[in-house]
Structure formats: C-alpha cells, structure tokens
Asks: 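Handing you a structure now.
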Amino acid sequence: MSRAAAIVSGVTDVLPDTAPTALDVLHSVFGFESFRGEQQAIVEQIIAGGDAVVLMPTGGGKSLCYQVPSLVREGTGIVVSPLIALMQDQVDALQAVGVRAAFLNSTQDAAERDSVERAYLAGQLDLLYVAPERLSSESTKRFLANGTIALFAIDEAHCVSQWGHDFRPDYLSLGDLAERWPDVPRIALTATATDATHREITERLHLSNAAHFVASFDRPNIQYRIVPKNEPRKQLVDFIRKEGAGQAGIVYALSRNTVEKTAAHLQSQGINALPYHAGLDSSVRQKTQSRFLREDGIVVVATIAFGMGIDKPDVRFVAHIDLPKSVEGYYQETGRAGRDGEPSVAWLAYGLQDVVQQRRMIDESPGDLAHRRRMSAHLDAMLALCETVECRRTNLLSYFGQPSEPCGNCDTCLDPPEVWDGTIPAQKLLSTVVRLKRERNQEFGAGHLIDILRGKTTPRTTQWTHETLATWGIGHDLTEQQWRGVVRQLLAKRLLATRGEYGTLGLTDDSASVLSGARAVPMRTEPERRSSSSKARRQSASDLAPGDAELFEALRAWRAVVAKQQGVPAYIIFGDATLRAVATEKPDSIDALSAITGIGEKKRATFGQQLIDVVAGRVPADLTFDA
Ligand code: ADP
Ligand code: ZN
C-alpha cells in the first residue's frame with residue numbers, strides 16, 4: 001500500500017486496501033474541496049503513466065499537479081527544481097501536511113545526504129527534490145535506479161530555453177531521462193507563456209508524446225491599477241495605508257538609490273519596510289528575504305533583483321513606482337501578488353518623467369540598432385497598457401495572445417476613465433514646438449513649453465523673450481498637471497519625441513497629421529480630482545464582517561506565534577484563505593474543521609484544538625502569546 005493509501009485509509013477507513021484516488025488525496029492530505037482548472041486532467045494523465053507539459057500562471061496551482069500523482073502512484077516523485085534556497089520551505093510545507101518529502105542538494109552535509117538516500121532506497125519517501133546539476137550526474141542516476149520512481153517533475157521548465165533569461169545548462173541533460181526511464185511519466189511545468197518557450201521545452205525535454213495543458217494566464221484575483229504619478233512617495237504611503245496596512249507587499253523601483261530612499265521614507269512613516277537590491281551584501285539580502293517569508297506584514301522595496309522563485313503565497317500588493325521596461329516584466333513582477341488566490345492589488349504610478357527617462361535610456365543604450373528597436377517595442381507596449389481607456393486585463397492578456405472580456409476588476413473597469421478630445425491642445429503644443437524650432441532654432445523640455453502655453457512668466461521665458469511667441473498663453477485653460485498629461489500621452493503615442501541628454505521635445509513623422517487636423521487625439525482624463533479608488537477599494541478589501549475581521553486578526557497572531565516556534569514561514573502553518581474561512585465559519589469542534597479549505601488530516605490533528613480555542617476566545621493550552 002502506498003503511503004497516501006495509508007494516510008487515507010488510516011483516517012477515514014473507507015478504502016482499506018485499494019490505492020487512494022486523486023480526489024481522496026486532495027481532500028485528506030491537502031484539505032482542498034476540488035481541483036482547480038485543469039489540475040484534475042493533468043493529474044489523471046500522470047497517474048495513468050503519460051507525460052505532460054503544463055503552462056500555468058504563477059499561483060495557478062502547479063505543485064499539486066505532481067504532488068498528488070506522487071502520492072497516488074507507487075514509489076517516489078522526483079522533482080527537479082533550480083531554486084536550492086527554496087527547497088527547504090517546499091519540503092517543510094509538505095511535511096506539515098504529513099507528506100514524506102526530502103531534498104538532495106549542495107547545502108547538506110554527508111550525513112544528511114546519506115539519511116535522505118537511505119530513506120529513498122527503503123521506499124520511505126513520497127517526494128524527493130533534487131537540483132538539476134545533481135540529476136545530470138551519472139552517479140545520481142545510478143542511485144535513483146535502485147529505488148522506485150513514481151514520476152519526474154521538471155519545475156521551472158523554461159530554464160531549458162537557451163534564449164530565455166533563466167537558462168540553466170544542466171536542464172539540457174534532462175532530456176535523457178526519457179531514454180533511461182521510458183516507463184516513468186514526466187511532467188514539465190512553467191509559468192512562462194510564450195509559444196517559443198513551449199516549443200523548446202517540448203523538444204529539448206523529449207516530450208513529443210506529452211499531453212499539453214495551457215491555462216489561461218489571467219490572474220482574476222489581482223486588481224490592476226495604474227495611476228498618474230504626481231508625488232510618488234506620498235501616493236505610495238497613502239496606497240499602503242489604505243489598502244495594505246499590516247500586509248506583505250513588494251514595491252519595485254528601477255534604481256538602487258530610489259530603493260534606499262523609498263524604504264527609508266516608508267520606515268519614517270511607520271511602515272515596516274526593508275530595502276533589497278544587488279548592491280547589498282548577500283547576507284543582508286538573505287536575511288531580508290527570510291524575514292519577508294517568515295514575518296507578517298513586511299514590505300520589501302526592491303529592484304527587480306528581488307522575487308524570482310519567491311513562493312510566498314500571501315503577498316497582498318505589488319507596487320511599481322517606476323515604469324517597468326516591458327509588459328513581460330510587469331506581468332511577472334505583479335504576478336508575485338496573490339498566489340493564494342485571495343484579493344490582491346497591482347498598483348503602478350506612472351508619469352511623464354518615466355517616458356522621458358526610458359526613451360533616453362534606450363537612445364543611450366550601448367546595444368545595436370536591433371536591440372534598441374526591441375527595447376522600444378517593449379516600452380511602447382507598456383505605454384499602451386498605461387494609457388489604455390479599455391480594460392487593463394484585456395490589454396495584458398491580448399499581449400499574451402489570449403482574448404478576453406472586460407474584467408470588472410481593474411481601475412478602468414471599476415472607474416471608467418473619461419475620454420476627451422485632446423486634438424486642439426495637441427496642436428497648440430506641437431505648433432509651439434514647430435515655431436521655436438523654425439523661428440529661433442530652439443528646443444525645450446516639457447516644463448518650459450508648458451510655461452509658454454500657460455503664459456507663465458519665468459526668468460527663462462523673459463530671457464528668451466518667449467512672451468512674444470504667437471502661442472504664448474494660448475493654453476491657459478488647462479492646468480499644469482493637465483498639460484503634463486497631454487505631453488505624456490503624446491509621447492506615449494509617438495506623436496512627440498524626446499531628444500538628447502536633456503530630454504527636449506521634438507516632432508516625429510506622425511506629428512504632421514495632428515497639426516494638419518487629419519488625425520484626432522483622444523486622451524484619458526487625468527483623474528486628479530476624481531474619487532480615484534473608492535470603488536476599487538471596496539472590492540479589494542477582504543469582505544469580512546467587523547467581528548470576523550477581529551477573529552481573523554487573532555488567528556493571524558496565533559499563526560505568527562506558531563510559525564515562529566516552529567521556525568517556518570507563516571503560510572506553511574495555514575494560508576490566509578483558511579484563516580478567513582475559520583473566522584467566518586467559527587468551527588466549534590474538530591469535526592467541523594473538515595469542511596474548511598486547506599485543513600487536511602495532519603493539520604487537523606496538529607492544530608485543530610488550537611484553532612477551536614482561538615475561535616472560542618481562549619488562549620490555546622500549549623501556547624504562550626508573548627511573542
Ligand atoms: P504555482 O506553483 O502554480 O505558482 P502553487 O502550486 O504554489 O502555484 O499554488 C498556489 C496556491 O494555490 C497555493 O497556496 C495552493 O495551496 C493553492 N491551491 C492549489 N490548488 C488548489 C486547489 N485545488 N484548491 C485550493 N487551493 C489550491
Ligand atoms: Zn478590467
């Protein structure tokens with residue numbers, strides 16, 4: 001009898017000698033009600049001995065696709081995972097639900113390795129995580145051949161792609177597993193969405209007979225919001241206070257300097273923030289990462305160096321205070337929010353300066369022309385997402401080739417922006433640029449042009465006698481903020497270009513069509529005075545009744561103490577979704593706990609009484625609340 005059969009029959013006495021079904025394992029081990037999306041079809045394919053290629057977004061539930069079959073099939077599931085630093089957490093999480101899991105990697109000493117190897121050979125492991133470099137060695141393969149292998153799972157399978165950014169040479173040798181173990185099912189999984197990667201995985205891992213599962217890349221629980229950037233730090237603090245108080249979040253910025261300053265500012269505002277970038281000592285970075293995973297409510301302010309492989313499921317918000325360089329990057333970074341499926345927010349503040357700066361960075365980049373063109377195309381796609389008056393999610397998904405309907409959970413759906421005809425202001429601005437160039441051979445940046453249009457006398461306008469220009473003061477009907485919005489949108493649409501070191505503004509090939517009146521320029525209203533996020537807020541706040549919210553906080557506090565005592569991240573004890581369900585259902589008996597998502601047999605036995613105590617307002621017997 002397999003281990004899972006023992007777990008299932010031992011506790012429920014329903015299936016004494018037959019192997020458990022996938023659904024039995026899902027219920028009794030993981031405590032989940034039903035499979036999600038294509039999980040069931042994938043699991044069945046593997047249990048039946050077939051191969052699979054799985055493309056599923058972050059948080060989609062890839063792990064269960066190989067964990068459940070490993071428990072149902074005879075033998076040990078071998079999981080190839082490139083992220084050695086995270087193996088310990090993965091194994092801890094499995095052990096917490098009663099699964100016999102272990103790993104083999106270079107962080108272990110000989111004795112530890114030896115005991116894992118012996119357990120494997122004795123058939124005492126359900127899952128064994130190995131680093132790819134280990135699996136590519138002949139001695140490891142010989143060792144594995146002496147035990148029983150239930151399946152091979154190749155996680156982060158896009159690492160096999162030489163053109164991707166996470167290429168690992170050791171992944172290339174994983175194709176050999178097909179020849180060596182033709183009868184062992186193999187499953188390759190990734191969250192990378194492109195067709196090219198999909199083809200490479202199939203080919204290089206010799207998965208020509210595999211069934212393919214491509215999930216929707218939508219992350220419906222993430223609310224996408226993009227706001228005009230005015231005072232980024234203040235906006236960020238307001239955002240965190242309103243929506244993310246006490247919650248784990250990531251704030252992304254482009255430079256180390258901005259990261260440091262922003263983290264310091266958040267701290268000065270009483271927000272528990274830590275900086276993270278490649279310039280910090282690796283021990284500091286390690287500590288920050290570990291605190292982020294283990295403590296509740298830490299905000300990490302980081303460059304994109306932070307996040308790859310961070311499995312933390314309860315990141316409630318990802319904020320960008322600088323414009324990401326591509327939609328792929330944005331999708332990947334925002335995807336770190338809400339892996340647990342709970343409501344989460346992706347918030348981006350973006351302004352004129354971002355466009356100017358990034359166009360300049362591309363102009364000055366050392367790469368060849370083709371490289372600059374690629375970067376430009378990436379930026380244009382990102383700008384189109386920022387400036388769209390349609391659903392953000394529809395825009396995002398269509399970028400990945402997936403059609404969709406307006407989502408109802410992004411800023412443009414919740415609070416549809418008004419569109420106004422910006423043709424005349426655009427003409428006023430462009431003709432000012434033309435006159436300065438033609439009449440005086442001068443070019444200026446946005447600030448000075450806006451002063452001219454608004455007829456605002458400054459030392460510079462006087463010095464250049466710009467008061468005598470025909471366009472002086474013709475734009476006094478718009479505020480400075482509105483003008484900045486006009487400039488930004490013209491830049492985003494490539495109807496205006498920035499030039500040189502100072503980011504002065506000039507015409508593009510398309511500007512003439514606007515000046516001649518042949519082309520209209522619809523613009524997004526800047527929501528400076530609109531009640532920007534009130535509706536959005538109601539949707540994203542967890543909708544708990546006041547009393548339940550209090551209980552939820554008490555449960556979180558209890559979880560924090562237990563996690564600390566056991567030295568594991570809080571989510572390994574219970575996820576937020578489970579605590580929320582406990583807070584609303586208020587179970588008063590061990591039996592009543594079975595109805596709650598995420599409580600399997602093992603956790604019910606370990607923590608059931610404590611949960612009931614917290615619900616009843618008692619301090620659990622074997623616990624001190626002094627942490
Ligand atoms: P991925 O590896 O695809 O990013 P995970 O496997 O980490 O996603 O799963 C994301 C979250 O969803 C985890 O918290 C997991 O426990 C939860 N989850 C996965 N499948 C189910 C399911 N069928 N029912 C309930 N929760 C699930
Ligand atoms: Zn939408």
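We count ligands from 1, going down the list as the structure has it; atoms in each ligand are counted the same way. If you read the sequence from its start, that first residue is 1, and numbering goes on from there.
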Asks: Give every pair formed by an N or O atom of ligand 1 and a protein N or O atom closer than 3.5 Å, one pair per line with both atom names and the distance to 0.1 Å, or write none.
Replies:
| unit_1 | atom_1 | unit_2 | atom_2 | d |
| --- | --- | --- | --- | --- |
| ligand 1 | 3 (O) | Gly60 | N | 3.4 |
| ligand 1 | 3 (O) | Gly61 | N | 3.1 |
| ligand 1 | 3 (O) | Lys62 | N | 2.9 |
| ligand 1 | 3 (O) | Lys62 | NZ | 2.8 |
| ligand 1 | 4 (O) | Gly59 | N | 2.6 |
| ligand 1 | 4 (O) | Arg339 | NH2 | 2.6 |
| ligand 1 | 6 (O) | Lys62 | N | 3.4 |
| ligand 1 | 6 (O) | Ser63 | N | 3.1 |
| ligand 1 | 6 (O) | Ser63 | OG | 2.6 |
| ligand 1 | 8 (O) | Gly61 | N | 3.2 |
| ligand 1 | 12 (O) | Arg36 | NH1 | 3.2 |
| ligand 1 | 20 (N) | Gln39 | NE2 | 2.9 |
| ligand 1 | 23 (N) | Ser34 | O | 2.9 |
| ligand 1 | 23 (N) | Gln39 | OE1 | 3.0 |
| ligand 1 | 26 (N) | Arg36 | NH2 | 3.3 |

Asks: So which of Leu127, Val184, Leu104, Ile149 actually passes side-chain contact (heavy atoms from CB on, under 4.5 Å) with Ile78?
Replies: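 Only match with Ile78 under side-chain contact (heavy atoms from CB on, under 4.5 Å): Ile149.
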Asks: CD of Gln566: more than 12 outside heavy atoms within 6.0 angstrom?
Replies: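 Yes - once you tally the heavy atoms of other residues, nucleotides and ligands closer than 6.0 Å, there are more than 12.
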Asks: Show all protein N/O/S atoms under 2.8 Å from the Zn ion (ligand 2), or state that there are none.
Replies: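 Correct list: Cys391 SG, Cys407 SG, Cys410 SG, Cys413 SG.
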Asks: Sequence neighbours left out, what passes side chain to side chain contact (heavy atoms under 4.5 Å, CB included) with Ser326? Give chain and number order.
Replies: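 Per chain and number, Ser326 pairs via side chain to side chain contact (heavy atoms under 4.5 Å, CB included) with Glu328, His378.
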Asks: Would Asp415 and Arg225 pass as an ion pair if we require N to O under 4.0 Å?
Replies: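 The answer is no: the pair does not qualify as a salt bridge.
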Asks: For Arg488, is there an ion pair with Asp354 - N to carboxylate O distance below 4.0 angstrom?
Replies: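 No salt bridge links Asp354 with Arg488.
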Asks: Considering residues at least two apart in sequence or located in another chain, which fulfil the ring-ring contact (aromatic ring centres under 6.0 Å, His included) criterion with Phe317?
Replies: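 Scan of Phe317 (ring-ring contact (aromatic ring centres under 6.0 Å, His included), adjacent residues dropped) gives Phe239.
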Asks: Salt bridge or not between Arg73 and Asp126? Use side-chain N to carboxylate O under 4.0 Å.
Replies: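 Salt bridge: no.
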Asks: Does the side chain of Thr58 pick up a donor-acceptor pair with the side chain of Arg336 at under 3.5 Å?
Replies: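 Side-chain D/A pair, Thr58 to Arg336: absent.
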Asks: Regarding Lys312 and the six-membered ring of Tyr571, is the cationic atom NZ or CZ under 6.0 Å from the ring centre and inside 45° of its axis?
Replies: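 Not satisfied by the 6.0 Å and 45° rule.
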